[in-house]
Amino acid sequence: MKHLKSFSLYTLVGFLGVGINFLLMPYLSHYIDPEGYGILSMVNSFVTILIPLVSLTASGLIAVEYYRTKDKKEFASIFSSLQVIPILPGLVILLITIVFPNAIARFLEIPADKSYWIPLSVLLALFSIYYETLLSFNVIEQKVKLYVTFSLVRLFLEVGLTILLISVFKLSWEGRLLSWMIASFISFGISLFYFRSRGLITFEIKKKYIRAGIIFGLPLILHTIGKFVINQSDRVFIAKMVSIEEAGIYNIGYQVGMVILLIVGAVVNFIQPYLYQRLSELTEKAEYEIVKTTYIVIIGLLISLLLLTFGSPILFRFFIDKSYSGGVVY
């Protein structure tokens, strides 16, 4: 029952937190035209590819060391050392985007007069890295209530700012990006405050842990870039080969389909600590529980897929602006 409750909360917050774009989609479709939505999707794709390049995916080592390192001071040193890693790549990439914003904007089909969103995207990626570390650490510690609290605060903040900036200040797609930026900056501050309050921030930065984090993360960058190619490059191809408007329509269809990914994300949040615990002291009973849980997950995902497949046309018909009706085929 305890595991079912945790999974239910992760699923709900996965939809509310990670699925902010999905929740806002019906509203945004009535206030942003397909061209603006296409530009929005291009910036989102750019931030998505920047995150692994800036973070070097080194924070994944935290989950491993949390179960292996028993000394709290030593773990704090590991944690702090890993948080230093994104700073240098972030500064280098920020400099590149400041020097060549127009060239990158042109490649992404973003108007030249809006190219300032290119360097701002680097800051978005950097803020997002530390906030995701916060949520991941909550998952590792199995602090479901904290995970839910942080996610809901971020949700209400970002949704509220989006509606304010678009409906009141008429900022269209830039209002959505600006709300994302403000919410990310505040979430970044909350993350640092939480890490400090937990004694995870220390000046005991050690080169060996920085090196270990880079060695751990570098091979995963290829995996993450592979995910980008699968999940994001389609928008770039459509924007370059068809039009930025069609990329916006496609992105609406993609976000509906991404409901499955949100469910998978919730499953991962539940499975990760569940699996690590059982693998740390592997018994015959633990093996049976792992196999049983795997079958339940597979069946649940198949049912979710069928519900989404047959429910999508209804969503497009009643909730999404008719200018995006072509997105249902995607």
Side-chain angles (χ1 to χ4, degrees), residues 2-18 51-52 55-86 127-155 187-188 190-202 204-206 209-210 212-217 219-221 223-224 227 261-282 286 289-290 293-294 297:
K2 179 183 176 182
H3 294 311
L4 181 61
K5 181 181 178 182
S6 297
F7 175 69
S8 299
L9 285 171
Y10 281 134
T11 303
L12 175 63
V13 175
F15 273 94
L16 296 178
V18 183
I51 288 175
S55 69
L56 303 182
T57 64
S59 61
L61 186 61
I62 293 173
V64 177
E65 293 297 337
Y66 179 81
Y67 293 98
R68 188 163 62 186
T69 305
K70 304 302 179 183
D71 186 278
K72 291 185 177 181
K73 288 186 177 180
E74 195 64 21
F75 179 74
S77 177
I78 295 171
F79 187 91
S80 297
S81 299
L82 294 177
Q83 303 318 305
V84 172
I85 293 175
F127 295 151
S128 299
I129 288 166
Y130 290 106
Y131 175 65
E132 288 302 319
T133 300
L134 171 65
L135 294 184
S136 298
F137 193 68
N138 291 154
V139 171
I140 294 168
E141 290 190 302
Q142 300 185 55
K143 293 186 179 295
V144 182
K145 290 182 180 179
L146 275 177
Y147 180 92
V148 171
T149 300
F150 288 134
S151 298
L152 290 181
V153 168
R154 169 66 181 263
L155 169 73
S187 299
F188 167 70
I190 292 173
S191 301
L192 292 184
F193 178 79
Y194 178 77
F195 295 149
R196 184 176 177 81
S197 68
R198 289 296 312 278
L200 295 170
I201 301 297
T202 176
E204 292 294 321
I205 308 297
K206 297 181 180 180
Y209 294 139
I210 294 177
I214 294 173
I215 292 172
F216 178 88
L220 297 177
I221 291 179
H223 165 69
T224 309
K227 284 174 62 180
L261 186 61
L262 299 181
I263 296 173
V264 170
V267 171
V268 169
N269 286 339
F270 164 71
I271 286 290
Q272 183 177 336
Y274 178 89
L275 191 61
Y276 273 125
Q277 278 188 340
R278 279 151 184 78
L279 290 177
S280 62
E281 296 179 3
L282 194 59
E289 289 178 348
I290 291 171
T293 303
T294 302
V297 167

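Heavy atoms only: backbone and side chains are in, while hydrogens, waters and symmetry mates are out.
Between F137 and Y194, the distance from one ring center to the other does not fall under 6.0 angstrom.
Residue R198 qualifies as enclosed at atom CZ: its count of foreign heavy atoms under 6.0 Å is above 12. The environment of K72 atom NZ is sparse: at most 12 non-hydrogen atoms of other residues, nucleotides or ligands sit within 6.0 angstrom.
Distance check, rounded to the nearest 0.5 Å: CZ of F150 to OG of S187 gives 10.0 Å. We find the CZ-OG1 distance between F188 and T133 to be 10.5 Å, quoted to the nearest 0.5 Å. The distance from the CG atom of N138 to the NZ atom of K145 is 13.5 Å, given to the nearest 0.5 Å. Interatomic distance, OG of S59 versus CZ of F79, reported as 9.0 Å (0.5 Å rounding). With values rounded to the nearest 0.5 angstrom, T57 atom OG1 is found 12.0 Å from I51 atom CD1. For the atom pair NZ (K143) and OG1 (T149), the distance works out to 12.0 Å, reported to the nearest 0.5 Å.
L134 and S191 make their closest contact through CD2-OG, 3.5 Å (heavy atoms, listed as atom of the first residue, atom of the second, distance). Here the shortest heavy-atom pairing between E65 and I78 reads OE1-CD1, 3.8 Å. Nearest heavy-atom pair across P86 and I129 is CG-CG2, 4.2 Å. The heavy-atom pair separating A76 from G199 by the smallest distance is CB-O, 3.4 Å. In terms of heavy-atom proximity, S81 sits nearest to K206 at OG-N, 3.0 Å.
In this structure, Y130 contributes its side chain and Q83 its backbone to a donor-acceptor pair below 3.5 Å. Looking at K70, its side chain does come within 3.5 Å of a backbone N or O of Y67 through a donor-acceptor pair. A distance-only check finds no donor-acceptor pair linking the side chain of T202 to the backbone of S77 [under 3.5 Å].
The shortest distance between side-chain heavy atoms of I290 and T293 does not fall below 4.5 Å. In this structure, L61 and Y209 have side chains that are not in contact, with every pair of non-hydrogen atoms separated by 4.5 Å or more. A heavy-atom distance below 4.5 Å is found between the side chains of S151 and L135. When side chains are defined from C-beta on, F75 counts as touching L200, because their heavy atoms get closer than 4.5 Å.
Applying the salt bridge (Lys or Arg N to Asp or Glu O under 4.0 Å) rule to E204 yields no partners; only residues at least two apart in sequence or on another chain are considered.
Side chains of S128 and E132: no donor on one and acceptor on the other come within 3.5 Å.
Exactly one residue among I214, I215, L220, T224 makes a side-chain contact (heavy atoms from CB on, under 4.5 Å) with L56. That residue is I214.
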Criterion side chain to side chain contact (heavy atoms under 4.5 Å, CB included) on I205 and S80, from CA distance to verdict
CA-CA 6 Å; I205 308 297; S80 297; 3.6 Å; yes
